[in-house]
**Q** 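Once you've had a glance at the structure underneath, I'll fire off some questions.
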Amino acid sequence: FIDLVTLVHFSQFAGLQTGNMILIGRDLYRLTLPDESKTELLKAIAFHVATLISHFAGVLCFCALAHICKGPVPTVGAWFKG
């Protein structure tokens, strides 16, 4: 929701990914507990880190495209205008 608001209102891309950071922190804490499966927690942490990296790579590519283009970058909404 925040990405949509900042993109529409400020023409910027926020890319916060706060939820993934919270889940990574929770799983890192759970690694210190004796009864937790270390393998499953490491898989979960790797998944969240991969999600963050792929999102940041997408933001980087979008910003690079916006910087390279001389005109406005077309959006999905422009395709539906007809």
Side-chain angles (χ1 to χ4, degrees):
F1 178 73
I2 291 173
D3 287 343
L4 178 65
V5 169
T6 56
L7 184 63
V8 170
H9 192 322
F10 300 109
S11 299
Q12 298 294 323
F13 202 80
L16 296 175
Q17 290 289 327
T18 306
N20 282 317
M21 294 299 292
I22 291 170
L23 292 174
I24 289 170
R26 181 199 64 184
D27 289 339
L28 285 172
Y29 166 73
R30 288 174 58 194
L31 275 174
T32 64
L33 302 177
D35 296 336
E36 296 289 334
S37 168
K38 307 296 185 212
T39 305
E40 292 302 316
L41 286 173
L42 290 173
K43 284 182 188 177
I45 291 170
F47 175 76
H48 295 303
V49 169
T51 302
L52 277 172
I53 290 171
S54 65
H55 180 78
F56 292 148
V59 171
L60 181 68
C61 290
F62 176 82
C63 291
L65 178 65
H67 183 71
I68 291 170
C69 291
K70 294 183 182 186
V73 177
T75 61
V76 175
W79 298 336
F80 294 114
K81 287 183 179 177

**Q** Provide the closest heavy-atom pair for His48 versus Asp27 in the form atom of the first, atom of the second, distance.
**A**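 Nearest pair, atom of His48 first, then Asp27: CD2-OD2, 3.9 Å.
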
**Q** Side-chain heavy atoms under 4.5 angstrom apart, residues restricted to Ile, Leu, Val, Met, Phe, Trp, Tyr: same cluster for Ile24 and Leu42?
**A**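 Linked, Ile24 and Leu42 end up in one cluster.
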
**Q** Which residues pass the salt bridge (Lys or Arg N to Asp or Glu O under 4.0 Å) test with Arg26, sequence neighbours left out?
**A**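 By the salt bridge (Lys or Arg N to Asp or Glu O under 4.0 Å) rule, Arg26 matches no residue at all.
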
**Q** Within the structure provided, determine whether Glu36 and Leu31 are in side-chain contact (heavy-atom separation under 4.5 Å).
**A**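 Contact flag for Glu36/Leu31 side chains = no.
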
**Q** Return the CG to CG distance between Leu65 and Leu60, rounded to the nearest 0.5 Å.
**A**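 The distance works out to 11.5 Å.
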
**Q** If two hydrophobic side chains count as joined below 4.5 Å and joins carry through other members, does Val49 share a cluster with Phe56?
**A**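 Val49 and Phe56: one cluster.
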
**Q** Starting from Leu52, can I reach Ile45 by hopping between I/L/V/M/F/W/Y residues whose side chains sit under 4.5 Å apart?
**A**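 Yes.
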
**Q** Considering non-hydrogen atoms only, spot the tightest contact between Leu33 and Lys38 and give its length.
**A**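 Taking every non-hydrogen atom into account, O-NZ, 2.9 Å.
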
